[in-house]
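Chain A is the first sequence line, chain B the second, and so forth, proteins listed ahead of strands; every chain is numbered from 1.
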2 protein chains.
Amino acid sequence: MNIGDVAARTGLPPKTIRYYEEIGLLKPPRGANGYRAFREGDMQRLVFLGRARALGFSIEDCRVLLDLRADGTRASAGVKDVSQGHLRRVEQKIADLSGMHETLSSLVRACAGGTRPDCPILDTLGTGAAQGRA
Amino acid sequence: MNIGDVAARTGLPPKTIRYYEEIGLLKPPRGANGYRAFREGDMQRLVFLGRARALGFSIEDCRVLLDLRADGTRASAGVKDVSQGHLRRVEQKIADLSGMHETLSSLVRACAGGTRPDCPILDTLGTGAAQGRA
DNA sequence: CGTAGGGCTTCCAGTTACGGGAAGGTCAAG
DNA sequence: CTTGACCTTCCCGTAACTGGAAGCCCTACG
């Protein structure tokens with residue numbers, strides 16, 4: 001299978017697939033013409049990568065997960081560790097963004113938005129750091 | 001004031017301050033020795049930048065906000081536009097991350113985590129895409 | 001007065017995970 | 001045999017810095 005077919009089937013752009021090969025996530029053999037000749041197993045790895053990336057796993061996490069999958073034995077513990085670590089980072093990010101969201105939405109609500117020269121948003125960013133929580 | 005003092009007072013690392021100058025966000029004059037000589041106004045811009053960045057505004061957003069602030073007249077409308085745009089992007093990000101969080105936490109819950117060779121996380125990532133929502 | 005230290009300067013490279021685009025080989029169809 | 005779609009590699013650009021090297025400057029101490 002050529003890269004175009006694999007791209008169509010996995011939903012991953014050819015550029016991304018080449019990149020994954022470049023960083024060693026898969027090693028499709030080459031045909032006589034120099035084209036990558038993807039096997040079924042390469043496709044499976046790419047599907048795996050696409051799903052893991054969609055869940056926000058980093059490339060390095062994906063590398064570890066692929067190794068654990070290939071390992072076969074004692075996979076669960078490692079996989080769960082990696083996933084929990086990622087889950088915690090996601091939770092932290094959500095918390096950070098929620099904090100920003102709260103402040104931002106209160107600022108936007110407080111701003112009249114017309115042609116008035118005084119803007120509570122600029123005031124808050126520029127001078128005293130006080131800001132209401134609603 | 002030298003860059004070290006400014007860094008201490010604004011909480012921004014010297015590297016970051018130099019970077020902000022490099023991309024044109026401020027232009028502190030130089031002393032005879034080549035050192036940056038920060039004025040009060042430079043400090044104020046940096047404080048502004050620090051707060052805006054902490055709220056997640058992009059550098060380009062910050063540039064616009066600083067311009068609007070310097071402009072003086074008709075600031076509110078533009079500032080509100082920029083802030084609302086940013087707020088929407090933050091909301092989108094939270095939504096994306098919440099989706100990941102839901103799937104991830106259900107997967108982690110489903111994984112026994114011991115030395116068992118079968119792992120529902122690997123199974124979900126590797127084969128059929130079905131996954132319970134709780 | 002010499003030197004040791006800390007602070008300042010610039011420049012270069014690396015980070016994450018690709019995307020855009022150029023230059024050029026290959027393949028199937030008409 | 002040419003055309004057009006596909007493939008290849010290579011290099012640059014992204015956001016917002018951070019780390020580190022090489023080298024100048026300034027203050028203080030003995």
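Residue B:Arg30 has a polar side-chain atom (N or O) positioned under 4.0 Å from OP1 or OP2 of C:dT10.
Under a 3.5 Å cut-off, the side chain of A:Ser106 and the backbone N or O of A:Thr103 do form a donor-acceptor pair. Side-chain N or O atoms of B:Arg53 include one that pairs as donor or acceptor with a backbone N or O of B:Phe57 at under 3.5 Å.
Axis angle across the helix from C:dC1-D:dG30 to C:dG30-D:dC1, with five pairs used at each end and values rounded to 10°: 30°.
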Quick test: give all pairs of protein nitrogen or oxygen and nucleotides 27-30 of chain C nitrogen or oxygen below 3.5 Å, distance rounded to 0.1 Å.
| residue | atom | partner | partner atom | Å |
| --- | --- | --- | --- | --- |
| C:dC27 | OP1 | A:Asn33 | ND2 | 3.3 |

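For residues 24-45 of chain B, no pair satisfies ring pair (Phe, Tyr, Trp, His ring centres under 6.0 Å), with sequence neighbours left out. Here side-chain hydrogen bond (donor to acceptor under 3.5 Å, both in side chains) pairs that include residues 3-19 of chain A, with residues two or more places apart or in two chains, number zero. Applying the side-chain hydrogen bond (donor to acceptor under 3.5 Å, both in side chains) test to residues at least two apart or on different chains, the pairs with a partner in residues 84-94 of chain B are A:His101-B:Glu91, B:Asp61-B:Arg89, B:Gln92-B:Asp96.
With rounding to whole Å, B:Ile3 atom CD1 is found 15 Å from C:dG6 atom C1'.
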Test side chain to side chain contact (heavy atoms under 4.5 Å, CB included) on B:Leu66 and B:Leu26; report intermediate values, then the result. CA-CA 10 Å; B:Leu66 281 170; B:Leu26 71 160; over 6 Å; no

Given the rule in the side chain to side chain contact (heavy atoms under 4.5 Å, CB included) test, do A:Phe48 and B:Thr127 qualify, once you have shown the distances and angles that lead to the verdict? CA-CA 8 Å; A:Phe48 186 99; B:Thr127 59; over 6 Å; no

From CA spacing to verdict: side chain to side chain contact (heavy atoms under 4.5 Å, CB included), B:Arg69, B:Arg45: CA-CA 10 Å; B:Arg69 189 170 81 128; B:Arg45 284 176 86 84; 4.1 Å; yes

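Not counting sequence neighbours, A:Glu22 has no partner by the salt bridge (Lys or Arg N to Asp or Glu O under 4.0 Å) test. A:Glu40 pairs by the side-chain hydrogen bond (donor to acceptor under 3.5 Å, both in side chains) definition with A:Gln44, not counting sequence neighbours. Contacts of A:Arg36 classified as side-chain hydrogen bond (donor to acceptor under 3.5 Å, both in side chains), with partners at least two apart in sequence or in another chain: A:Glu21. Qualifying side chain to side chain contact (heavy atoms under 4.5 Å, CB included) partners for B:Pro120, counting only residues two or more places apart in sequence or in other chains: B:Ala110, B:Cys111.
Remark: B:Pro13, B:Lys15, B:Thr16, B:Tyr19, B:Tyr20 in residues 12-23 of chain B come within less than 4.0 Å of DNA chain D through at least one heavy atom. Of the residues in residues 85-96 of chain B, not one places a heavy atom less than 4.0 Å from an atom of DNA chain D.
At least one side-chain heavy atom of A:Leu97 sits under 4.5 Å from a side-chain heavy atom of B:Leu97. No side-chain heavy atom of A:Ile3 sits less than 4.5 Å from a side-chain heavy atom of A:Pro13. Proximity of B:Ile94 to A:Ser98: side-chain heavy atoms (C-beta onward) are separated by under 4.5 Å at one or more points.
Of all nucleotides in DNA chain D, those with any atom nearer than 4.0 Å to a heavy atom of chain B start and finish, going 5' to 3', at D:dA16 to D:dC26.
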